[in-house]
Amino acid sequence: MNSDFEKEDEIEKAVLVGVELNDPGTGGADDFERSMEELGNLAKACFMEPVAVVTQKMESINKGLYIGTGKVEEVREVADRLEADLVIFDDALTPSQLRNLQDELGKPILDRTTLILDIFESRARTREAKLQVESARLQYLLPRLVGMHEALTRQGGTSGSMSSRGAGEKKLELDRRKIEHRISELRRELDEVSKERNVQRKKRQASGIPMAALVGYTNAGKSTIMNAMVDAYVKDNEKRVLEKDMLFATLDTSVRRINTGNNRDFLLSDTVGFIHKLPHSLVKAFRSTLEEVKNADLLLHVVDYSDPFYAEQMKTTAQTLSELGAGDIPMITVYNKADLCSEPVSYPKRCGDRIYISAKEETSLQMLVETILEYAYSDYVEGRFLIPYDKGNIVSYFRENAHIIHQEYLENGTELIVKCHKADRDKFSEYEYGKRETE
Ligand SMILES: Nc1nc2c(ncn2[C@@H]2O[C@H](COP(=O)(O)OP(=O)(O)OP(=O)(O)O)[C@@H](O)[C@H]2O)c(=O)[nH]1
Ligand SMILES: [Mg+2]
């Protein structure tokens, strides 16, 4: 049998539905168009084929049905005519909207949040990512249990009977408790994982090596930049991460030590990308993974400069970063994919804290590394010390907190040439060469 045909057979057809609010605060028609296009990409990432898009302009969302009653008719007609398997809405539906729409349309209903959760679930590989996604899914489910139970009871045609209603409520209570129990179990497990992560992070911080974190919208090119650095400076294929033209290719945080030579290394972390209307429960669940971002000395905000909606994507990233408490960390904006822009852009080019590059091109990478080093080592200075042998603890301190450029055991102490924080050089200034009689 033709395997392509088989694959096609598995693909579900979906009708996409969105509401454009007549609200000047929402960013207008462009924002809406982008949101619907993105919804289509999310559906494709879940192996669904968008067969139609139905939209409506409204003053406010219909509380019971999300869209207007007449529009529901239109969606049903389109979905039936095109033999769609399901209908997807571009917002997190309330429990009652979900239930009513399911009744009216007679097809499974999904919303943007469930699509994002599905993608995360299929991509999660490590234990931590799996725990985080399960926790987010249950947090999303909990308030929606009532609606789902009501729908089930009504389908059974027993809603009028007091006894069955009592039984239904008991079952609902039971399910709710089970879910709450699982959520607290997951929280405990995640706390354990995050403790391990904290130990690793403390070690890294103690090493005194500055840490830069790649952040930005999904598919902007974060992992591609990480891999380009690994190829150029780590030269170990095992250390490469997954880069792929799909939404949420990366879910786990990876940290690599980039050895640029001259004792000026930095750590680089690559993590999950952001998206418009990223469910709050996911941001919350991914908090421990995203701690790496919060603890970075420098953020590299990667932007897909070839995307017509890059400015909106930058806004979403900035919002998510401030939600995470990482809004105040020094940041370089990396306008990536300059090679794909429809209007030619000269690159690599640097303008202060903005840099225009293509992650696929070598000189871009060099300029990016130089920029990172300039920022990461802005308060690093060279220090030359002679540490007496009875002050071995100071040598240990420098080993942990600075980059040793040169070390030699002389007659009257250990000679150290280091790159260290200016504050550390000041702290041990009495042992600096030139400030002390050594000969
Ligand atoms: N032509 C070109 N393609 C690029 C460039 N940077 C990234 N890409 C491609 O864009 C796609 C997405 O890149 P990734 O590095 O996986 O994106 P990401 O930001 O890590 O995405 P998520 O992990 O989903 O958040 C891949 O197919 C890359 O090959 C670039 O500068 N030029
Ligand atoms: Mg990635």
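Indexing begins at 1, ligand by ligand and atom by atom, following the structure's order. As the structure is a prediction and not an experimental result, all values here were calculated from the model.
- Taking each of T224, D270, T218, N219 in turn, the one with a heavy atom nearest to atom 28 (C) of ligand 1 proves to be T224.
- Interface atoms of ligand 1 facing A249, defined by a heavy-atom separation under 4.0 Å, are 22 (P), 23 (O), 24 (O).
- Residues M211 and N295 are not in side-chain contact: their nearest non-hydrogen atoms beyond the backbone lie 4.5 Å or more apart.
- Under a 4.0 Å heavy-atom criterion, E361 is not in contact with ligand 1.
- Shortest contact from atom 16 (O) of ligand 1 to any protein heavy atom: K244 N, 2.9 Å.
- Of the protein's heavy atoms, K337 NZ, 3.1 Å lies nearest to atom 10 (O) of ligand 1.
- Those atoms of ligand 1 with a heavy atom of M246 less than 4.0 angstrom away are 24 (O).
- Between E74 and I67 the shortest side-chain heavy-atom distance does not fall below 4.5 Å.
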Check against side-chain contact (heavy atoms from CB on, under 4.5 Å), F32 and K57:
CA-CA 10 Å; F32 176 64; K57 278 193 179 185; over 6 Å; no
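- Among all protein heavy atoms, the one lying closest to atom 4 (C) of ligand 1 is K360 CE, 3.6 Å.
- The Mg ion (ligand 2) has an N, O or S atom of S223 under 2.8 Å away, backbone or side chain.
- Closest to atom 25 (O) of ligand 1, if we only count protein heavy atoms, is K222 NZ, 2.9 Å.
- The distance criterion of under 3.5 Å between nitrogen or oxygen atoms is met by A220 with respect to ligand 1.
- In terms of protein heavy atoms, atom 6 (N) of ligand 1 is closest to N336 ND2, 3.1 Å.
- Counting only heavy atoms from C-beta outward, the side chains of E20 and M36 never approach each other to under 4.5 Å.
- Applying side chain to side chain contact (heavy atoms under 4.5 Å, CB included) to T271 and the options V255, T253, L251 leaves one that passes, T253.
- Geometrically, ligand 1 and G221 share a nitrogen or oxygen pair separated by less than 3.5 Å.
- Of all atoms in ligand 1, listed by their number and element, those nearer than 4.0 Å to a heavy atom of E243 are 15 (O), 16 (O), 29 (O).
- If you look at T250 next to ligand 1, the close heavy atoms, those under 4.0 Å, come from the backbone and the side chain alike.
- Some N or O of F248 is nearer than 3.5 Å to an N or O of ligand 1, by distance alone.
- Among the backbone and side-chain atoms of N219, no N/O/S atom is found under 2.8 Å from the Mg ion (ligand 2).
- Listed by atom number, the atoms of ligand 1 under 4.0 Å from D339 heavy atoms are 1 (N), 2 (C), 30 (C), 31 (O), 32 (N).
- With respect to the salt-bridge test (charged N to carboxylate O, under 4.0 angstrom), the residues E291 and R197 do not qualify.
- Numbered from 1 in the order shown, with element, the atoms of ligand 1 that lie under 4.0 Å from a heavy atom of A359 read 6 (N), 30 (C), 31 (O).
- By the 3.5 Å distance cut-off applied to N or O atoms, T271 is not counted among the residues near ligand 1.
- Residues E134 and R182 are in side-chain contact: their nearest non-hydrogen atoms beyond the backbone lie under 4.5 Å apart.
- A cation-pi arrangement, defined by a distance under 6.0 Å to the six-membered ring centre and an angle within 45 degrees of its axis, is absent between K337 and Y310.
- Side-chain contact between V418 and I404: present, with at least one pair of heavy atoms (C-beta onward) separated by less than 4.5 Å.
- Y356 has its ring centre less than 6.0 Å from the ring centre of Y305.
- Residues L268 and Y233 are not in side-chain contact: their nearest non-hydrogen atoms beyond the backbone lie 4.5 Å or more apart.
- Side chains of Y380 and H421 form a contact here, defined as non-hydrogen atoms less than 4.5 Å apart.
- Using a 4.0 Å cut-off to heavy atoms of G273, the atoms of ligand 1 that qualify are 25 (O).
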